[in-house]
Chemist: 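Sharing a structure, written as C-alpha cells. Questions coming.
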Amino acid sequence: MTLDENENHEIPKTHPRYESLKYRHKIIEGLKKLVVTEAGLIAHGRGECFDYIIGEKTTQPAKKAIRAAVAALLIAEKPVISVNGNIAALIPEELTALAKILKVPLEINLFYRKEGRIEAIKNVLQKAGATDIRGINEEKMVELQGLESNRRKVDLIAKADLVMVPLEDGDRTEALKKLKKKVIAIDLNPISRTALWADITVVDNVVRTIPKMIEIAKELKKLNRIQLNKIIDNFNNKNNIQNMLDLIIEYIEKQKSEAFNILKG
Ligand code: ATP
C-alpha cells in the first residue's frame, strides 16, 4: 500500500486490525508533517512486532510497572518526560494530559534533528494543549556527558533526578544511568538495552500505557509520600521483566497450538 493509497482509505471500525491501522496512519501523517522520521517508521514496526507477541494488551506485569512509574514521577524532585517524534505523533493529547496531571515538564529530545523538526513537534504538542515544553531553546541547552548522538543536547534533563523515556534508544538510557538518574522506560521490547537498563520498565504500547498512567495518576495523587514510596519499594524490575518474558513464552506456546489446529484443518 503506498502513502497516497492510504490517504484515500477510511479504515472501517469493524476491521480486525482497526487499532493497529489507526496508529500506523498517525505515524504516516507524522512523517508527512516532519514529526516522525523514516527511521521512526521502522521503530514503530519493531514495536508492532513485539506488541503482537504480548497479545496487544496491557499485561499484569505492565500494570505493576505503570503503578510504580506513576508513584516515582509523583515523588521525584525534578522529573522530566522526554518526547520523541513517534510519541508526539501517536498520542499527543494523552501525553499532554499526563504531564499536566503529574505537573511534569515535557522535553523534546531527538536523535534525528532535521531542520524544522523540533518546531513541528512543538506545534503538535501545543495544539494538544501543552504549555511547558522544553528542549526548544538552543541557548538553554547543555551537553549530556557520555553520549555522542544529537540526544546529548538537553535542557531540564541535565538536572533531572528522574527521566521517563517512552520508546527510546539504548545509548541514551545507558548515558542517563551513568549520570545516576532514575529512568522509566516504556518499551514493547522487554530485552532492548533500554528495557534492561531502566529502573522501571513498562513493557507495553505507549498508546495504552499513557492513558492508563493518567487513570493511575488520579488515584495515586491522593496518597502521601510514605504510601508512594511503599509502591516503589515493593516493585522489583528484574522480576517484572522475567514475568513479562514468561508471559510471552506462554502466549507463543498458546498461539503455536492454535496455529497447529488450523493447519491440521
Ligand atoms: P535498544 O537500543 O534499547 O536496544 P532499539 O535499538 O531496538 O533498542 P529503537 O529501534 O531506537 O531501539 O527504538 C524502538 C524501540 O521502541 C523498540 O524497542 C520498539 O519495540 C519500541 N517501540 C516502538 N513503538 C512502540 C510503541 N508504540 N510503544 C512502546 N514501544 C515501542
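Remember, it's 1-based here, ligands and their atoms both numbered in the order they're listed. Positions are given from 1, in the same order as the sequence printed here.
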Chemist: Return the residue, atom name and 0.1 Å-rounded distance of the protein heavy atom closest to atom 13 (O) of ligand 1.
Modeler: E168 O, 3.6 Å
Chemist: Within the 4.0 Å heavy-atom shell around T194, which atoms of ligand 1 are there?
Modeler: 3 (O)
Chemist: In the protein, what heavy atom is nearest to atom 27 (N) of ligand 1, and what distance, to one decimal place, separates them?
Modeler: N205 OD1, 2.8 Å
Chemist: Do the side chains of R46 and D187 get close enough for a salt bridge, i.e. N-O under 4.0 angstrom?
Modeler: no
Chemist: Please work out which of D204, T209, V207, I210 has its closest non-hydrogen atom nearest to atom 29 (C) of ligand 1.
Modeler: D204
Chemist: Quick one: pull up OG1 in T59 and CE in M244 and give me the separation to the nearest 0.5 Å.
Modeler: 3.5 Å
Chemist: Is it true that S82 and R172 share a donor-acceptor pair across their side chains at a distance under 3.5 Å?
Modeler: yes
Chemist: Give me the residue, atom name and distance of the protein heavy atom closest to atom 18 (O) of ligand 1.
Modeler: D187 OD1, 2.8 Å
Chemist: Nearest to atom 5 (P) of ligand 1 by heavy atom, H44, R46, R193: which?
Modeler: R46
Chemist: Quick one, W197 and V183 - any side-chain contact, counting heavy atoms below 4.5 Å?
Modeler: no
Chemist: In the protein, what heavy atom is nearest to atom 30 (N) of ligand 1, and what distance, to one decimal place, separates them?
Modeler: L188 N, 3.1 Å
Chemist: Walk me through whether N86 and I27 qualify under side chain to side chain contact (heavy atoms under 4.5 Å, CB included).
Modeler: CA-CA 7 Å; N86 281 35; I27 288 283; 3.8 Å; yes
Chemist: Which residue holds the protein heavy atom closest to atom 23 (C) of ligand 1, what is that atom called, and what is the gap in Å?
Modeler: A43 O, 3.1 Å
Chemist: Could you find the nearest protein heavy atom to atom 8 (O) of ligand 1 and give me its residue, atom name and distance?
Modeler: S192 CB, 3.8 Å
Chemist: Compute the shortest N/O to N/O distance between L90 and ligand 1 and return yes if it is under 3.5 Å, no if not.
Modeler: no
Chemist: For atom 16 (O) of ligand 1, which candidate among N189, L167, T173 holds the nearest heavy atom?
Modeler: L167
Chemist: Hey, does R24 have a side-chain heavy atom less than 4.5 Å from the side chain of R17?
Modeler: no
Chemist: Measuring only between side-chain heavy atoms, which start at C-beta, is K64 closer than 4.5 Å to N234?
Modeler: no
Chemist: For atom 1 (P) of ligand 1, what's the nearest protein heavy atom and its distance?
Modeler: G170 N, 3.5 Å
Chemist: Test your reading of the structure: does V206 have an N or O sitting under 3.5 Å from an N or O of ligand 1?
Modeler: yes
Chemist: Just do the salt bridge (charged side-chain N to carboxylate O under 4.0 Å, His left out) check on E219 and R67 with the steps written out, would you?
Modeler: CA-CA 10 Å; E219 181 196 330; R67 244 183 131 67; 2.8 Å; yes
Chemist: Compare every heavy atom of I214 with every heavy atom of A97, then report the nearest pair and how far apart it is.
Modeler: CB-CD1, 3.8 Å
Chemist: Which of the listed options, G45, A185, G47, holds the heavy atom that is closest to atom 24 (N) of ligand 1?
Modeler: G47
